[in-house]
A.B. asks: 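Before we start, here is the structure in question, set down as structure tokens.
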Amino acid sequence: MSLVERVLAGDRLALARLLSQIENEETMGLDDLAALYPHTGGAHLVGMTGAPGTGKSTLVNKLVLRMRQAGDKDGESSIRIAVVAVDPSSPFTGGAILGDRIRMRDLAGDPCVFIRSMASRGALGGLARATTGVVQALDAAGFNVIMIETVGAGQAEVDIARTAHTTVVITAPGMGDEVQAIKAGILEIADILVVNKADIPGADNTLRALRATLEMAKPESYSPNDPHRSDLSIEREEESSGWETPVIATIATEGEGVAELILAIENHRTHLQGSGEWAIRERGRIRSELEGLLRETLATRFLQRQPDGRFEEVLEKVLARSLSPRQAVLSMVEGEDE
Ligand SMILES: Nc1nc2c(ncn2[C@@H]2O[C@H](COP(=O)(O)OP(=O)(O)O)[C@@H](O)[C@H]2O)c(=O)[nH]1
Ligand SMILES: [Mg+2]
């Protein structure tokens with residue numbers, strides 16, 4: 001059996017091997033991914049994003065446990081869930097390791113759960129590309145829900161919003177997150193907002209502040225001519241008609257609020273599918289993936305074809321201010337000097 005066939009047949013070892021090949025951008029793995037592509041499109045992609053230490057890993061762990069148990073009760077014990085943890089090594093994520101260890105312990109041995117931690121080497125763009133590939137492979141392998149845990153830091157959150165169908169933004173009291181959230185444009189990308197660590201004093205304030213900010217940020221109050229609006233917010237505004245972003249308080253360590261969060265995630269999927277927004281998001285997602293790949297491929301190929309030292313030569317001219325960056329690029333593309 002080929003690796004592709006084994007992955008489709010549910011072979012976990014084959015899947016793990018394929019994911020490594022995709023992460024390393026090995027041609028063989030990327031070819032296998034292409035062969036698997038027709039089998040993708042079935043999974044509900046759920047992005048879980050927030051600052052380090054807000055409790056994302058703990059929460060994801062509880063969500064997965066609860067979803068698996070609920071499946072058992074409904075006689076749907078076959079619900080398969082994958083977790084992709086994208087946690088670029090950060091000097092202040094001491095808690096992440098603990099959360100991940102607890103998660104591994106609780107979920108290890110469940111054949112319907114698959115956890116993958118993304119290695120954090122190379123450029124951020126490479127990581128995003130690898131994550132997209134890993135998610136596609138898991139989708140093809142038949143996981144019904146794929147949770148993508150990312151450390152939110154502005155742009156990364158926006159990128160996740162483009163990768164996931166449902167974006168859950170996690171905050172915690174006392175982290176100044178209410179303010180940060182607004183700065184990073186988090187509210188624009190959140191389909192569901194979670195205030196975790198509701199057991200900590202001050203959680204009420206965080207909840208209140210977020211609800212108030214959400215109320216103010218309702219689409220109607222946007223000025224259509226606001227130059228600071230991102231394209232994404234415009235897209236999302238059009239898409240999000242009829243969905244009111246819920247704000248849910250949780251205590252991940254106790255499992256409190258977890259059932260509510262699961263319900264909100266399921267409601268959002270139902271909303272996306274019922275309103276036709278699922279298809280709209282799917283198109284937007286694939287469009288931006290295609291555009292990104294096209295840009296990257298063209299730039300890489302172009303640079304490979306340049307004579308040795310050509311780029312450096314042009315760079316020197318820009319440094320010396322004898323060419324503007326735009327002129328420099330045009331001169332390379334058009335094969336002229338000045
Ligand atoms: N008090 C309290 N601590 C929590 C809660 N959820 C998670 N934590 C703790 O916060 C720390 C960071 O959690 P972790 O899940 O690793 O956060 P992540 O970096 O966002 O993935 C760990 O020590 C958790 O035990 C909660 O609801 N209440
Ligand atoms: Mg974590």
Side-chain angles (χ1 to χ4, degrees), residues 45-67 81-108 113-121 124 127-128 130-131 134-135 145-154 156-157 159-161 163-164 166-178 180-181 184 186 189-190 192-207 209-210 246-262 264-265:
L45 312 185
V46 181
M48 304 282 291
T49 190
T54 44
K56 295 178 297 297
S57 297
T58 315
L59 196 57
V60 168
N61 171 46
K62 285 280 159 54
L63 274 175
V64 174
L65 275 174
R66 197 67 72 85
M67 283 166 104
I81 308 170
V83 177
V84 180
V86 190
D87 199 344
S89 55
S90 146
F92 40 85
T93 46
I97 298 152
L98 178 65
D100 291 344
R101 218 184 297 137
I102 292 167
R103 173 161 69 195
M104 296 298 181
R105 191 194 62 206
D106 289 350
L107 297 172
V113 175
F114 193 95
I115 300 168
R116 181 79 183 187
S117 288
M118 299 291 293
S120 60
R121 68 199 127 63
L124 209 61
L127 186 62
T131 304
V134 162
V135 168
V145 178
I146 302 172
M147 305 236 172
I148 309 150
E149 176 187 333
T150 61
V151 177
E157 280 152 346
D159 288 346
I160 254 290
T163 311
T166 300
T167 302
V168 181
V169 173
I170 295 123
T171 61
M175 303 193 72
D177 270 15
E178 312 89 285
Q180 266 173 26
I186 278 178
I189 63 156
I192 298 165
L193 264 172
V194 169
V195 176
N196 188 40
K197 307 198 183 184
D199 53 317
I200 283 182
D204 288 352
N205 289 334
T206 307
L207 267 171
L210 279 175
V247 183
I248 299 169
T250 59
I251 306 173
T253 39
E254 312 285 324
E256 228 170 275
V258 168
E260 230 183 311
L261 178 54
I262 292 174
I265 291 171

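Counting starts at 1 for both ligands and their atoms, following the listed order. Excluded from the calculations below are hydrogen atoms, water molecules and symmetry mates; all remaining heavy atoms, backbone and side chain alike, are included.
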A.B. asks: How wide is the angle at the Mg ion (ligand 2) between OG of S57 and OE2 of E149, to the nearest 10°?
C.D. replies: 70°

A.B. asks: Could you check if a side-chain atom of V86 sits within less than 4.5 angstrom of a side-chain atom of E149, using non-hydrogen atoms only?
C.D. replies: no

A.B. asks: Is the shortest distance from a heavy atom of G50 to ligand 1 less than 4.0 Å?
C.D. replies: no

A.B. asks: Looking at A264 and P246, what are the two nearest heavy atoms and their distance?
C.D. replies: CB-CG, 4.3 Å

A.B. asks: Is I251 touching ligand 1 with its side chain, its backbone, both, or neither, if touching means heavy atoms under 4.0 Å apart?
C.D. replies: both

A.B. asks: Heavy-atom contact under 4.0 Å between E149 and ligand 1?
C.D. replies: yes

A.B. asks: Take T171 and N196 through the side-chain contact (heavy atoms from CB on, under 4.5 Å) test and state the conclusion after the steps.
C.D. replies: CA-CA 6 Å; T171 61; N196 188 40; over 6 Å; no

A.B. asks: Please work out which of E256, K56, K62, K197 has its closest non-hydrogen atom nearest to atom 8 (N) of ligand 1.
C.D. replies: K197

A.B. asks: Check each heavy atom of E254 against ligand 1 and say whether those closer than 4.0 Å belong to the side chain, the backbone, both or neither.
C.D. replies: neither

A.B. asks: Would you indicate whether the side-chain heavy atoms of T49 and I170 approach each other to under 4.5 Å?
C.D. replies: no

A.B. asks: What are the atoms of ligand 1, with element, lying closer than 4.0 Å to any heavy atom of T58?
C.D. replies: 7 (C), 13 (O), 14 (P), 15 (O), 24 (C)

A.B. asks: Check whether the side chains of E256 and T250 place a donor and an acceptor atom closer than 3.5 Å, and report yes or no.
C.D. replies: no

A.B. asks: Does I248 reach the side chain of L193, with side-chain heavy atoms less than 4.5 Å apart?
C.D. replies: no

